[in-house]
Amino acid sequence: MPQRRIRLAQGRVVDPSQGVDQVADLVIEGNRVLGLDAPAAAEEEVVDVSGKVVVPGLVDLYAELREPGYEEDETIATGVEAALAGGFTSLAAAPNTQPPVDTQAAVEFLQHQAARAGGARVWPVACASRGAAGEELAEIGQLVQAGAMAFSDADRPIRDPGLMRRVFQYCGMFQRPVFSFPEVPELAQGVMHEGTVSMILGLKAIPAAAEVVAVSRDVTLAEATGGRLHLTHISTAGAIEVLRRAKARGVQVTASITPFHLALTDEALRSFDSRFKIRPPLRSREDVEACLQAVADGTIDAICSGHSPRCEEKKVQDLDLAPFGAVSLETTLAAVITYLIRPGHLDWLTAVERLSTAPARILGIPAGTLTPGSPADVTIIDPEVRWVVRPEQFRSRSRSCPFAGQKLWGQVAGVLVDGQWKLKRLE
Amino acid sequence: MAQASSQLSALELPSVSWRRRHLLGLEELSAEEIRTVLEVASRFAQVPATAPLPELLQGKTVVNLFFEDSTRTRTSFALAVRRLGGEVIDFQASASSLSKGETILDTARTIEAMGVDAVVIRHRTPGAPHLLAQNLQASVINAGDGPHEHPTQALLDMLTILQHRGSLEGLTVALVGDIAHSRTARSNIWGLTRLGAHVILCGPATLVSRRWEALGVEVSYSLDDILPRCDVLNLLRIQFERQQSRPFPSVREYAHLYAMNRQRLEQAKPNVLIMAPGPINRGVEITADVADGSHSVILKQVTNGVAVRMAVLWLCLCVAQQDGQP
């Protein structure tokens, strides 16, 4: 019996893995990509996507799903629903739940809940240290068998350089990358970026050095051990310099950045609004310029959502008490279109590379491509729709978003995961 | 406004224009607005403490919402309200439902629902008064938000200088000590520079940022170097309670480098004014003989505090409302 066929007709197909950016029919057969402009079959679903952009499903390298333990912020079901709404077909789930993801059972719970929810694909990131306590190695070998794709203590960076070195050595055995949130906790005792704005506001501040020192340490240890390092959140010009030199030496290091750190600066904190209290903090204009340059030239490999939902009860407080965090899955793509593509910092091919192809490569998953035979994870984008960010309409359970109230360009018109329609706003 | 001033017999208040219901900081005030407050305050200051004042705040209720301990500022605001015939309620935040997990906003809304005209707030976090101002109908007066601003303190400092020097234009004023954690310093920087004074920030490098220089302020690490040039020395208290780790090796070393003592006083201008926002750590920023000496105007500052707060309350609660009406 022939498999079901879908023809996405006459869209602008952008696939960095093949260097393709052209108007074509993308044909899907069963759960696989058949190819571009395949001859018509007797029975196929033809969907007119002219005027739309057809890309390999977006892949997120950092999203917190908060379940188990913090279901008031997000659940796995609402998180993967939000991911789909934002055009993500795959996401790497950060392990900072309660209890944290440091056992086979926890990895499997995540996979089961994600399968039940039936949204985007969820790829577990497991703790590098037991309980993310930063004291001893987690059972990394067993976690790999359970399906962990990468190892990280997420937003609790490992302080002890000796342990970090062993993490690199040990993860290397299993060809798994170490995801590091680069921040020296002792330097990061604040609520915003240290600069003129924090000086004027009198807010406790986090210097850029908190990130630069951590990146320098991690890069040095990755180089010394031959380990693979991915820096999940880059935000400073100084870190980019270290990264650039490390890459030139051939160190196995990659990095991602959130759209917030490409679109906003520490000036936002003048409102004293805790929506803008995110981690790493919003940096200076000079840092943002350096980050834009680094995303364009590939020093920063990927753009991640950095989705870190925190419920209103926690967020609507003064800046000292409000936790760091922002909802991001449903605005990441539109922010990239609005702040990177439309002003000319990135072309579509490079933007999709940063949002899909590169993150898939970093995570080591079969995604980020529309080559024949690859899994049919596809995102269809209407780039000409302009919409106002209204967090109360988010699928995510939390509402605190730095882009709230802003007008962004670009809407997700359709999402296919494994050849199945998960979201369809098309005729 | 004309009405408001004509009611007064013992007190001549100037005809003023004022549109702000809240006083959150001096950064957002124009030179003209700062002059207005100082002008009104100087009239209040001329009335002896025992003489009666017109009941400008009659029928108004002001709540002192202090989330941080304070004696002098709270008392000063309370006295200002009472002297003008208003009602004042002291809300002891630490003993209330905040310890039961209520947020500052819930607390403020609850108090407002009881019917108050103004909230005088002190809080350890910068921006807390701004959060209230965005969410309440009442006037919000910032009585200190963490290290951010303390507008009435800077205004009373400026009033004190004006009384002794007549003008701020061209004066050199040094703010000495813990600039990083000082709301008094920040409010003084905005107010003094706006009225034409030259400001020097002086203290250890761990407590004074060079970034201030970009805003037209001089930064120095040596008190002895700048001393001979200063017309006013405002000696800020070391805020041990706000420091996350000690930013200088010892109190002894700090006093050695930055304490205002008799030897240093001899190097200063003969008519130098010695000020301190208090409470003072005697022997740390200032020695007892200097604090109590003839150059010291520390107690005058305290007296002026009441006058400044009367002026601010009258402007924000009475004049702003009249101006707001068509």
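Side-chain atoms are counted along with the backbone in the values below, which use heavy atoms only and exclude waters and symmetry mates. Throughout, a chain's letter reflects where its sequence line sits, starting with A, and its residues are numbered from 1. Since the structure is predicted, the reported quantities are computational estimates derived from the model, not experimental observations.
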Query raised in the report: Which atoms of E186(A) come close to chain B, meaning under 4.5 Å heavy atom to heavy atom: side chain ones, backbone ones, both, or neither?
Result: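 Nothing of E186(A), per the 4.5 Å heavy-atom cut-off to chain B.
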Query raised in the report: Taking it one step at a time, do K407(A) and V388(A) satisfy side chain to side chain contact (heavy atoms under 4.5 Å, CB included)?
Result: CA-CA 4 Å; K407(A) 277 189 171 176; V388(A) 178; 3.7 Å; yes
**Report entry** CZ (R165(A)) with more than 12 external heavy atoms under 6.0 Å
**Finding:** no
Query raised in the report: Is there a donor-acceptor pair closer than 3.5 Å between any side-chain N or O of T331(A) and the backbone N or O of A335(A)?
Result: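 Judged by distance alone, no pair lies under 3.5 Å.
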Report task. Check L29(B) against R194(B) and note the closest heavy-atom contact, atom names and distance. Result -> O-NH1, 2.9 Å
Report task. Mark yes or no: R122(B) above the aromatic ring of F77(B), with NZ or CZ under 6.0 Å from the six-membered ring centre and no more than 45 degrees from the axis. Result -> no
Query - Pi-cation contact, Y70(A) with R310(A) (under 6.0 Å, within 45°) - result: no
With a 4.5 angstrom heavy-atom cut-off, which part of [X] approaches chain A: side chain, backbone, both or neither?
X	value
W190(B)	side chain
I189(B)	neither
R124(B)	both
Q134(B)	side chain

Query - Proximal to chain B - members of residues 258-278 of chain A, heavy-atom separation under 4.5 Å - result: R270(A), S271(A), F272(A)
Query - Interface residue of largest heavy-atom contact number with chain A, from H130(B), E149(B), H123(B), under 4.5 Å - result: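 Sorted descending by pairs with chain A, the first entry is H130(B).
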Report task. Would you sort out whether H22(B) and C316(B) count as a side chain to side chain contact (heavy atoms under 4.5 Å, CB included), showing the intermediate values? Result -> CA-CA 6 Å; H22(B) 310 300; C316(B) 292; over 6 Å; no
Query raised in the report: How far does CD1 of I111(B) sit from CD1 of I89(B), to the nearest 0.5 angstrom?
Result: 8.5 Å
Report summary line: Of the listed L319(A), V316(A), L321(A), L201(A), the one with the largest count of heavy-atom pairs under 4.5 Å with chain B is L201(A)
Requested in this report: Test side chain to side chain contact (heavy atoms under 4.5 Å, CB included) on W212(B) and I179(B) and set out the steps.
Outcome: CA-CA 10 Å; W212(B) 283 111; I179(B) 308 297; 4.0 Å; yes
